[in-house]
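Below: the structure, in C-alpha cells.
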Amino acid sequence: MSDQHRASAAALTTRLRLHRREWCHGGRTYQVITLRPTDPVRFAVRVEHHFTVVSSDLAGARLLGRLLWGLSYQRRPDTLLVLEPGRMVPDHEEGQPSPPTVFSVTARAVLTPAAARGLRAAHLWRSRPAGTVTWNTLGYAGALDALDRWYDQRHAGMPSPVEHLPTAPQPRLAVDGSVLTVSALPEQLRNWALLIGRAGGHWYGDESCTEPDSAAGFDVHAVRHFHRLVSAARRARAEVLAAHDAPTEPRLIAERVRRHVDVVAARRPGPWDFAPPPRPD
C-alpha cells in the first residue's frame with residue numbers, strides 16, 4: 001500500500017480532532033473550526049466565471065468530504081469551518097494565490113462580507129486556540145458504503161431505494177474580498193460530503209474530479225503529484241511575470257503560465273509520488 005493510499009484511508013476512518021477558536025466580530029461570537037497545524041494537508045482554490053474548484057491530493061480531497069459531513073451536524077449557531085490562509089497553496093495549474101475558504105450551514109450562521117474578510121487576519125491564526133473538538137463523523141463511512149452499493153446496483157440495472165437518491169437544496173457560493181464563502185443546508189453538505197468522499201474512484205489523466213454541485217459550479221478535484229505541481233506552478237508564474245515580455249492581462253498570464261508549468265516540471269522528471277517496492281514473487 002502506498003503512502004498516498006494509506007493517508008487517503010486514514011482521512012475517512014481515523015478519529016478527527018480539530019482546533020476551535022472563539023472569535024468576536026460585529027457583535028457576534030463565532031466558533032471557528034480549523035485543522036490542526038500538524039496536519040500536512042493543503043488545498044488550492046481556483047475561481048473562474050462559472051465554477052469554483054477546490055483541489056488537493058487524494059487524502060486532502062477525502063478529508064474535505066469528512067469535514068463537511070461533520071459540519072452538517074453542528075447545532076451551535078455561527079459555527080464556521082475555515083481553511084485558513086496558511087492552509088492554502090497556489091493553484092496547481094496557474095500558480096495564482098488561493099483565497100481562504102469558509103464553509104457554514106445555511107440559517108445557522110450569519111456571515112457578512114466584512115466578517116469573511118476578517119478571517120484573513122494573521123493575528124487570528126497566531127492566537128492560541130480555545131481548545132480542540134472531536135468532529136462528529138459517525139456514520140460517514142457507512143453512508144459511503146451505502147452510496148457505493150447504490151451505484152453498483154444502478155450499474156447492474158437494479159432498482160435503487162428512494163432514500164439513496166441525492167437531494168439538491170440550493171447552496172450559496174460567494175467570493176468577496178479574496179475570501180471564498182460557501183453556505184449550504186445540512187442535507188446538501190452531507191450530499192457533497194458523500195460525493196467528495198468517493199474521490200479517487202475514477203481518474204482522468206492525473207485528476208479525479210467530483211462534482212458536488214454543478215448548479216452552483218462547485219467542484220473538488222483530487223490531483224496526483226499535487227504538491228509537486230503546486231511548486232512547479234508557483235515557479236512558472238514567477239518566471240512568466242519576471243520575463244521582459246510578460247503580459248499584463250490576467251487571461252494571457254494564465255495561458256502562458258499553464259504552458260510554462262510543463263517546462264518547469266520537466267526540469268525534475270518523475271515519477272514524483274512514492275512507489276512501494278515490488279512484491280517478491
For [X] and [Y], which heavy atoms make the closest approach, and how far apart are they?
X      : Y      : value
Arg62  : Tyr140 : O-OH, 4.4 Å
Ser56  : Val41  : OG-CG2, 3.7 Å
Leu111 : Ala116 : CD1-N, 3.9 Å
Gly200 : Ser208 : N-OG, 2.8 Å
Arg87  : Pro40  : NH1-C, 4.4 Å
Gly65  : Ile196 : N-CG2, 3.7 Å

Atom [atom1] in [X], atom [atom2] in [Y]: separation rounded to 0.5 Å?
X      : Y      : atom1 : atom2 : value
Leu194 : Leu144 : CG    : CG    : 5.5 Å
Asp213 : Leu195 : CG    : CG    : 9.5 Å
Leu185 : Asn191 : CG    : CG    : 11.5 Å
Leu83  : Leu35  : CG    : CG    : 7.0 Å
Cys209 : His202 : SG    : NE2   : 12.0 Å
Arg117 : Thr181 : CZ    : OG1   : 11.0 Å

Step-by-step salt bridge (charged side-chain N to carboxylate O under 4.0 Å, His left out) determination, Glu255 to Arg258: CA-CA 5 Å; Glu255 291 176 356; Arg258 283 174 178 265; over 6 Å; no

Residue pairs involving residues 229-258 (criterion ring pair (Phe, Tyr, Trp, His ring centres under 6.0 Å); sequence neighbours excluded):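 Ring pair (Phe, Tyr, Trp, His ring centres under 6.0 Å) check on residues 229-258 returns no pairs.
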
Test of understanding: clusters of I, L, V, M, F, W, Y form through side-chain heavy atoms closer than 4.5 Å, transitively. Do Val230 and Val264 belong to the same one?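 They do not share one cluster, since no chain of ILVMFWY contacts under 4.5 Å joins Val230 to Val264.
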
Residue pair Thr34 / Arg21, side-chain heavy-atom distance below 4.5 Å: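 In short, these two side chains touch, coming nearer than 4.5 Å.
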
Checking His260 now: which residues fulfil ring pair (Phe, Tyr, Trp, His ring centres under 6.0 Å) with it, not counting sequence neighbours?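 Result, ring pair (Phe, Tyr, Trp, His ring centres under 6.0 Å) vs His260: none returned.
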
List in chain and number order the residues that pass ring pair (Phe, Tyr, Trp, His ring centres under 6.0 Å) with Trp135, two or more places apart in sequence or in another chain; answer none if no residue qualifies.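 Applying ring pair (Phe, Tyr, Trp, His ring centres under 6.0 Å) to Trp135 gives none.
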
Does a donor on one side chain sit under 3.5 Å from an acceptor on the other, for Glu207 and His92?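 Yes, a side-chain donor-acceptor pair sits under 3.5 Å.
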
Side-chain donor-acceptor contacts of residues 123-133 below 3.5 Å, not counting sequence neighbours, with atom names and distances?
from   : atom 1 : to     : atom 2 : distance (Å)
Trp125 : NE1    : Leu119 : O      : 2.9
Ser127 : OG     : Leu124 : O      : 2.6
Thr132 : OG1    : Arg17  : NH2    : 2.6

Using distance only, find each side-chain donor-acceptor pair of residues 68-77 under 3.5 Å and give its atom names and separation, not counting sequence neighbours.
from  : atom 1 : to     : atom 2 : distance (Å)
Ser72 : OG     : Trp69  : O      : 2.7
Ser72 : OG     : Arg190 : NH1    : 3.1
Gln74 : NE2    : Gly70  : O      : 3.4
Arg76 : NH1    : Glu22  : OE2    : 3.2
Arg76 : NH2    : Glu22  : OE1    : 2.8
Arg76 : NH2    : Glu22  : OE2    : 3.1

For Arg235, I'd like to know if atom CZ has over 12 heavy atoms of other residues, nucleotides or ligands within 6.0 Å.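 No - once you tally the heavy atoms of other residues, nucleotides and ligands closer than 6.0 Å, there are 12 at most.
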
Under the side chain to side chain contact (heavy atoms under 4.5 Å, CB included) test, which residues partner Asp206, sequence neighbours left out?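 With neighbours one apart ignored, the set is Arg224, His225.
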
